[in-house]
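So the structure is just underneath, and the comments pick up after that.
Index from 1, following the sequence.
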Amino acid sequence: MRVLLDTVAFLFAIEDPDRLSRKTRTVLGAMKNAAGKLNLSREDTMDALRRLQVSMVPYAEAHVLELMRLPVHHRDPFDRMLIAQALAEEVPVMTCDKEFRKYKRLEVIW
């Protein structure tokens, strides 16, 4: 299953998986061997991405075009970029940020 992870969801997945909902843990899969670090170095981050079997999705022109069409329900520009990317890719976003739910076409998992 393809999903986009909000930063908070990623950090919970590697630091404290029990803070995630059962559905989120199921989607992410087995995370018992997570790093348990909040201040991650580049190396720690790449290691966590590999262990969680997460890949990076480059930001593309289609994402920018979707971003330009978004209503400004969310004030954080990086979260708006993630929302636009999820909409353009037609994938859900894993986040605990309730502002994401204001976007009608967006599927949110938490």
Legend entry - Shortest non-hydrogen contact between L106 and V91, atoms and distance: CD1-O, 4.5 Å
Inset, instruction - State yes or no: do M56 and L5 share one hydrophobic cluster built from I, L, V, M, F, W and Y residues joined by side-chain heavy-atom distances below 4.5 Å, directly or via other members? - result: yes
Legend entry - Result of checking L49, V3, I14 against V54 for side-chain contact (heavy atoms from CB on, under 4.5 Å): L49
Inset, instruction - Report yes if the side chains of D47 and E43 come closer than 4.5 Å at any heavy-atom pair, otherwise no. - result: no
Legend entry - R2 versus P92, closest heavy-atom pair with distance: O-CD, 3.4 Å
Inset, instruction - Among residues two or more places apart or on two chains, list those pairs meeting ring-ring contact (aromatic ring centres under 6.0 Å, His included) that have a residue in residues 79-100. - result: H74-F100
Inset, instruction - Check whether M68 and L82 end up in the same hydrophobic cluster, where Ile, Leu, Val, Met, Phe, Trp and Tyr are linked by side-chain heavy atoms less than 4.5 Å apart. - result: yes
Inset, instruction - Look at the side chain of S21 and the backbone N and O of W110, then say whether any donor-acceptor pair between them is shorter than 3.5 Å. - result: yes
Legend entry - Q85 side chain to L4 backbone, donor-acceptor under 3.5 Å: no
Legend entry - Separation between CZ of R19 and CD of E15, rounded to the nearest 0.5 Å: 7.0 Å
Inset, instruction - Grab the two heavy atoms, one from L20 and one from A9, that are nearest each other, plus how far apart they are. - result: CD2-O, 4.3 Å
Inset, instruction - Any chance you could measure T95, atom OG1, to I83, atom CD1, to the nearest 0.5 Å? - result: 8.0 Å
Legend entry - Taking every non-hydrogen atom, the tightest pair across M81 and Y59: O-OH, 3.0 Å
Legend entry - L87 backbone acceptor or donor facing Y103 side chain under 3.5 Å: no
Legend entry - Which atom of A62 lies closest to which atom of A88, heavy atoms considered: O-CB, 3.9 Å
Inset, instruction - Please check if the side chain of D76 supplies one atom and the backbone of D79 the other of a donor-acceptor pair under 3.5 Å. - result: yes
Legend entry - CA sep, side-chain torsions, deciding dist, call: H63, E89, side chain to side chain contact (heavy atoms under 4.5 Å, CB included): CA-CA 8 Å; H63 307 142; E89 296 287 329; 2.7 Å; yes
Legend entry - Side-chain ion pair, E66 and R80, N-O less than 4.0 Å: no
Inset, instruction - Provide the closest heavy-atom pair for F10 versus A48 in the form atom of the first, atom of the second, distance. - result: CZ-CB, 3.9 Å
Legend entry - Pairwise distance NE2(H73) to NZ(K104) - rounded to 0.5 angstrom: 7.0 Å
Legend entry - Shared hydrophobic cluster for L67 and F78 (ILVMFWY, side-chain gaps under 4.5 Å): yes
